[in-house]
Amino acid sequence: MADIIDGKSIAAAVVQTVKARTAELLSSGHRAPGLAVVIVGEDPASQVYVASKSKKAKECGFHSVQHTLAADTSEEFLLKLIHDLNQDDAINGILVQLPLPAHLDAGKVIQAIAPEKDVDGFNFINVGKLVAGETETAFVPCTPAGAMLLIERVRGKDLSGLSAVVVGRSNIVGKPMASLLLAANCTVTMAHSRTKDLPNVCRGADILVAAVGRPEMIKGDWVKPGATLIDVGINRAPGLPGAERPTRLVGDIDFSSASEHAGAITPVPGGVGPMTIAMLMANTLASAALAAGLERPIF
Ligand code: GUN
């Protein structure tokens with residue numbers, strides 16, 4: 001049976017470090033890291049995510065601001081807000097929660113965020129740095145950065161000689177994940193919905209990262225014995241027969257069959273999920289440290 005990778009406790013340790021470094025910043029006369037989270041509209045899932053980001057920022061001792069804008073906010077208004085936050089010395093990180101309402105051009109809005117405050121790592125400057133292997137100066141998107149930390153906890157920092165398969169090619173997870181694994185010396189395969197014979201591709205993976213959004217798609221017999229499995233998926237599936245709740249959360253990996261073959265596996269929930277917010281805090285702290293002329297903390 002596989003080891004369960006405890007994302008909750010690894011995320012808690014990251015947050016503890018962020019708290020301690022924030023306290024050090026304050027005691028050496030610097031300002032608290034500032035995080036501005038912007039949400040447009042009333043998408044219930046986005047509201048929950050944003051509230052937990054703002055809350056965690058407060059818990060870390062940050063200056064935490066949330067801008068909650070009406071669903072019909074104009075692009076001009078939103079761009080002006082981002083411009084003002086770019087200029088505001090009290091703000092080190094700006095996060096615009098996605099998806100945005102359809103009348104807003106998300107690409108334009110994200111690219112308006114100053115690269116040095118782009119703690120989501122979506123600005124093309126940060127995307128380019130990551131692809132170029134400049135992982136020490138880039139802001140890396142929080143979910144793949146968190147997934148990478150979990151992989152390092154299992155396999156160490158140098159992944160030379162290991163074969164990694166990333167299933168899913170999104171800009172938020174799949175592509176940056178592949179860049180991180182490549183920077184760590186893995187031989188990387190990017191698989192996606194059009195990949196031929198996906199089970200066989202997955203069977204070659206020492207490290208398998210699933211980010212496709214298909215409930216329990218990756219089965220136990222797709223898993224190389226001893227592999228490290230990172231499940232980024234969060235899907236709602238019907239509850240098990242006889243269970244009290246009508247639905248349950250599942251990942252993209254069929255946990256019960258896969259954990260019979262894997263060496264280590266992340267659970268859903270409690271795996272990658274908690275790491276995303278923790279890495280947002282880490283990125284915001286890093287941005288504040290750089291703005292203060294200090295060394296960037298490494299996690
Ligand atoms: N929506 C879902 N995930 C994310 C994320 O990581 N960042 C932002 N800004 N929006 C999201």
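Because only heavy atoms are used, hydrogens play no part in the values below, and waters and symmetry mates are left out as well, while side chains stay in. We count ligands from 1, going down the list as the structure has it; atoms in each ligand are counted the same way. Note that the structure is predicted; figures quoted are calculated from it, not measured. All residue numbers in this chain count up from 1 along the given sequence.
Looking only at distances, a side-chain donor or acceptor of Asn235 sits under 3.5 Å from a matching main-chain atom of Val250.
Not one N or O of Phe122 is nearer than 3.5 Å to an N or O of ligand 1, by distance alone. The N/O atoms of Gln97, backbone and side chain alike, include one that comes under 3.5 Å of an N/O atom in ligand 1.
Between Lys108 and Glu75 there is a salt bridge, with a side-chain nitrogen of the basic residue lying less than 4.0 Å from a carboxylate oxygen of the acidic one.
Using modelled atom types and a 3.5 Å distance limit, the side chains of Thr143 and Thr276 yield a donor-acceptor pair.
Both the sub-6.0 Å distance and the 45° axial angle are not jointly satisfied by Arg248 relative to the ring of Phe255.
Within the structure, ligand 1 lacks Tyr49 among the residues with a heavy atom less than 4.0 angstrom away. The shortest heavy-atom distance from Thr143 to ligand 1 is not under 4.0 Å.
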**Message:** Walk me through whether Gln66 and Ser64 qualify under side chain to side chain donor-acceptor pair (under 3.5 Å).
**Reply:** CA-CA 7 Å; Gln66 185 174 322; Ser64 169; over 6 Å; no

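Residues Ala112 and Ile82 approach most closely at O-CG2, 3.6 Å, considering heavy atoms.
Protein heavy atom in closest approach to atom 7 (N) of ligand 1: Asp120 OD1, 3.1 Å. Nearest protein heavy-atom contact of atom 1 (N) of ligand 1 is Leu98 O, 2.9 Å.
Residue-ligand proximity, Val96 to ligand 1, at heavy-atom distances under 4.0 Å covers atoms 8 (C), 9 (N). Counting atoms of ligand 1 from 1 in the listed order, those under 4.0 Å from a heavy atom of Leu95 are 9 (N).
Distance check on atom 3 (N) of ligand 1: every protein heavy atom falls at or beyond the 4.0 Å cut-off.
Rounded to the nearest 0.5 angstrom, Met177 CE and Leu182 CG are separated by 11.5 Å.
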